[in-house]
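Accompanying notes for the structure given below.
Predicted model only: the values in this text are computed from it and were never measured.
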Amino acid sequence: MKKHAIIPIFIPHNGCNNDCVFCNQKIITARSKSPDTQDVIDIIEKHLTTIDKNKIETIEVAFYGGSFTGLDISLQNKYLEVAKKYKLDGKIHKIHLSTRPDYVDETILVNLKKYYVDIIELGVQSFDKDVLTASKRGHSVEDVYRACELIKNYGFTLGIQLMIGLPKDNFEKSIFSANQLVQLKPAIARLYPTMVLPDTELLEMLNNGTYVPLSEDKVLNITKEMYKIIDDADIQIIRVGLKSTDLINDYNIKAGNYHPAFRQIVESAIALERIDSQISNIILNNFNVSELKIYSNSKHISSAVGHKKSNKNHLENKYPNIKFRFLRDEMLRDNDYRIE
């Protein structure tokens, strides 16, 4: 049962003075105009009518899209004043925002504390300096470490977002970024494959041959390995891939890897890897196996079976003489599988 509800407030690109090569915030946020305070109130009220407080333990107002702390301070405070009131009234429990590493300093954090902000996500994208430079991020790796340390020292929950397949990126650099993320110990993480959107410098780079997107198989493999590193460190991965909106679709994506079920595809690939390893060991010790029961908890049974039954089909093709049954065992931890 879902116990966490997010009320999203989308803030377009005007909170950021930088133009990264991949960025088209009008598409990503599905907005072209910043909401005013009444818009924020209306959005919160509308969402609250759909939330069953008897079933939901945590309600969170989250400011997404632009770099929140890059907004004019008066506008930041107007938004936060609204969210703070709902929090003090007990109608929501947390306030969440996203920003850039170079838009974080002590003055900013003191102000956010005043408005009871809980969670700050940083759009880090990569820990490799060449990737940051080629993507025109406008900040250094040192800015990332400094911002993360400040955020944690001031008692905020830290989140880190990484992208896969930016200019100059490769498998080794992405794995390095995942390991650096783990070293910084954020509470939450997001993983986004790079997509080439209209009206971006990245599209120009694609057209003139200076940027070559990673293949679908490479993106899946890299994301899978990053996911395992982060998940094994008990860091909550709250999103893998961009969320589907009316404007994020095949028409707007000029290149890159977008799939509305990308997280399930990644988790299915991890499940297959772990399940098949156990099956190989079982068969090695018993050539006469005719049936195998694959157990997982309810949360991960779909990953065990695979996206559109991909794992089930793969195993049946690989081991045609074995019947496979997928069963639930609530005693198993997330991502653990038992085979009998």
Side-chain angles (χ1 to χ4, degrees), residues 6-47 60-88 92 94-125 132 135-140 143-144 146-148 150-152 154-161 163 186 188 190 192 197 199-200 239 242-243 245 247:
I6 294 178
I7 301 175
I9 312 293
F10 290 104
I11 309 296
H13 191 57
N14 58 341
C16 180
N17 294 320
N18 195 70
D19 284 315
C20 302
V21 297
F22 55 82
C23 190
N24 184 328
Q25 281 290 345
K26 288 182 181 180
I27 286 180
I28 293 173
T29 63
R31 299 290 191 278
S32 59
K33 175 180 175 293
S34 292
D36 58 28
T37 52
Q38 186 58 51
D39 291 329
V40 174
I41 292 170
D42 292 343
I43 292 168
I44 294 173
E45 289 291 342
K46 181 179 179 180
H47 277 79
E60 185 178 299
V61 166
F63 294 95
Y64 291 142
S67 297
F68 188 89
T69 58
L71 296 170
D72 182 85
I73 189 64
S74 63
L75 183 56
Q76 288 185 53
N77 292 347
K78 285 178 181 178
Y79 289 149
L80 292 173
E81 190 64 53
V82 173
K84 176 183 174 182
K85 184 178 187 305
Y86 277 93
K87 186 174 180 180
L88 293 179
I92 69 166
K94 293 185 178 181
I95 302 172
H96 183 149
L97 59 87
S98 58
T99 192
R100 291 168 51 91
D102 51 337
Y103 286 8
V104 172
D105 60 31
E106 294 197 26
T107 300
I108 287 169
L109 296 180
V110 167
N111 187 63
L112 297 181
K113 274 291 182 185
K114 186 171 68 174
Y115 288 98
Y116 296 88
V117 170
D118 300 279
I119 303 165
I120 302 175
E121 280 193 66
L122 290 181
V124 172
Q125 318 316 359
L132 294 181
S135 302
K136 296 189 177 178
R137 282 293 292 162
H139 66 76
S140 66
D143 289 328
V144 174
R146 178 192 54 79
C148 289
L150 277 174
I151 288 168
K152 294 179 74 174
Y154 272 81
F156 295 97
T157 297
L158 171 66
I160 293 178
Q161 303 169 7
M163 293 181 68
I188 56 179
R190 296 177 192 257
Y192 294 124
L197 300 177
D199 302 319
T200 61
R239 179 159 292 283
L242 277 173
K243 184 177 181 180
T245 70
L247 293 177

Original post:
Does some side-chain heavy atom of K136 sit less than 4.5 Å from a side-chain heavy atom of F22?
Top reply: no
Original post:
Is I120 close to L109 at the side-chain level, that is, under 4.5 Å between some pair of heavy atoms?
Top reply: yes
Original post:
Are any non-hydrogen side-chain atoms of H139 and P101 less than 4.5 angstrom apart?
Top reply: yes
**OP:** State the NZ-CD1 distance between K78 and I73, to the nearest 0.5 angstrom.
**Re:** 12.0 Å
Subject >> Any donor-acceptor N/O pair, R239 side chain to Q161 backbone, under 3.5 Å >> reply: no
Original post:
Can the positive tip of K87 be found less than 6.0 Å from the middle of the six-membered ring of Y116, inside 45° of the ring normal?
Top reply: no
Subject >> Short side-chain to backbone donor-acceptor contact, Q76 and L71, under 3.5 Å >> reply: yes
Original post:
Should the pair H96 and Y64 be assigned to parallel (<30°), tilted (30 to 60°) or perpendicular (>60°) ring geometry?
Top reply: perpendicular
Original post:
So do E121 and F68 actually touch side chain to side chain, heavy atoms under 4.5 Å?
Top reply: no
Original post:
Mind checking whether L97 and L112 have side chains closer than 4.5 Å, heavy atoms only?
Top reply: yes
Original post:
Out of curiosity, S98 OG to L122 CG, how far, rounded to the nearest 0.5 Å?
Top reply: 9.5 Å
**OP:** Starting at CD1 of I6, measure out to NZ of K94 and round the result to the nearest 0.5 Å.
**Re:** 10.0 Å
Original post:
Any donor-acceptor pair under 3.5 Å linking the side chain of Y79 with the backbone of P35?
Top reply: yes
Subject >> Closest non-hydrogen atom pair, I92 against A83 >> reply: CD1-O, 3.6 Å
Original post:
Taking all atoms of both residues into account, what is the closest heavy-atom pair of G70 and T99, and its distance?
Top reply: N-OG1, 4.4 Å
**OP:** Please check if the side chain of R100 supplies one atom and the backbone of V124 the other of a donor-acceptor pair under 3.5 Å.
**Re:** no
Original post:
Checking K113 against F156: charged group under 6.0 Å from the ring centre and within 45 degrees of the axis?
Top reply: yes
**OP:** Could you tell me whether the side chain of F63 reaches within less than 4.5 Å of the side chain of L80, counting heavy atoms only?
**Re:** yes
Original post:
Side chain of D118, backbone of I95: donor and acceptor closer than 3.5 Å?
Top reply: yes
Original post:
Above 12 or not: heavy atoms from other molecules or residues under 6.0 Å from NZ of K152?
Top reply: yes
Original post:
Side chain of S140, backbone of D143: donor and acceptor closer than 3.5 Å?
Top reply: yes
Original post:
In Å, rounded to the nearest 0.5 Å, how long is the span from CD1 of I7 to OH of Y86?
Top reply: 8.5 Å
**OP:** For the pair T200 (side chain) and L197 (backbone), establish whether a donor and an acceptor sit closer than 3.5 Å, ignoring hydrogens and angles.
**Re:** yes
Original post:
How many angstroms lie between OG1 in T37 and CG in N77, if you round to the nearest 0.5 Å?
Top reply: 12.5 Å
Original post:
Is atom NZ of K84 surrounded by more than 12 heavy atoms (other residues, nucleotides or ligands) closer than 6.0 Å?
Top reply: yes
Subject >> Under 3.5 Å: donor-acceptor pair, side chain of D39, backbone of D36 >> reply: yes
Subject >> Atom pair CD1 (I11) and OG (S67), whose distance is rounded to the nearest 0.5 Å >> reply: 11.0 Å
Original post:
For the side chain of R190 and the backbone of G123, is there at least one donor-acceptor N/O pair under 3.5 Å apart?
Top reply: no
